[in-house]
Amino acid sequence: MFNLAGILCLCLLWHQTPAPSGTPGPLDHNRVIAEFAAPEPDWLPGHRGLDLAADLGDTVITPRAGWVVHAGAVAGTGVVVIRHGRLRATYQSVAPSVRTGQYVGAGSVLGEVS
């Protein structure tokens, strides 16, 4: 099991707008190992995402449609960022199979856990 957030998913949209019933998460199993914990006040350090347990090679999908605003490395780690209207979801430790500027529908494959 790959931990440090097999995927660190800054899915603020999960906490602000409930997903429609039956909407998939980024992984087949979506085992949360660390919850979202907003700091107070909001400019302090905090845990602004969900850490999901994942195995290397697990397929990562987007639960909602949006535009890929980044697909590549950040400080040597694979990252995919999807813009869903005003909100963004960031998937970290992902070898992307999408490209920046691409539109992805709900359930589209973004890459695999790396």
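Just so you know, residue 1 is the first one in the sequence shown, and it goes up from there.
W67 and Y91 sit in two unconnected hydrophobic clusters of ILVMFWY residues. Membership requires side-chain heavy atoms under 4.5 Å apart, directly or through other members.
Across all their heavy atoms, V109 and V98 have their closest contact at O-CG1, 3.5 Å. Nearest approach of H47 to E35, heavy atoms of both residues: ND1-O, 2.9 Å. Of all non-hydrogen atoms in G72 and P96, the two that sit nearest each other are N-CG, 3.8 Å. Across every non-hydrogen atom of A89 and H84, the tightest pair is CB-NE2, 3.7 Å.
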Side-chain donor/acceptor pairs under 3.5 Å, residues 99-107, sequence neighbours excluded:
from: R99; atom 1: NH1; to: Q102; atom 2: OE1; distance (Å): 3.2
from: T100; atom 1: OG1; to: A71; atom 2: N; distance (Å): 3.2
from: Q102; atom 1: OE1; to: R99; atom 2: N; distance (Å): 3.0

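Other residues sharing a hydrophobic cluster with W43 under the 4.5 Å side-chain heavy-atom criterion for ILVMFWY residues are L44. Under a 4.5 Å side-chain heavy-atom criterion applied to ILVMFWY residues, the cluster that includes V81 comprises V69, V74, V79 as well.
Between L87 and R64 the shortest side-chain heavy-atom distance does not fall below 4.5 Å. For the pair T77/S93, a side-chain contact is recorded, criterion being any heavy-atom separation below 4.5 Å from C-beta on. Residues L52 and V32 form a side-chain contact, since some pair of their non-hydrogen atoms from C-beta on lies under 4.5 Å apart.
Separation of atoms CG (L56) and OG (S114) is listed at 7.5 Å; rounding is to 0.5 Å. Of the inter-residue distances, the one linking H70 atom NE2 with T90 atom OG1 reads 9.0 Å to the nearest 0.5 angstrom.
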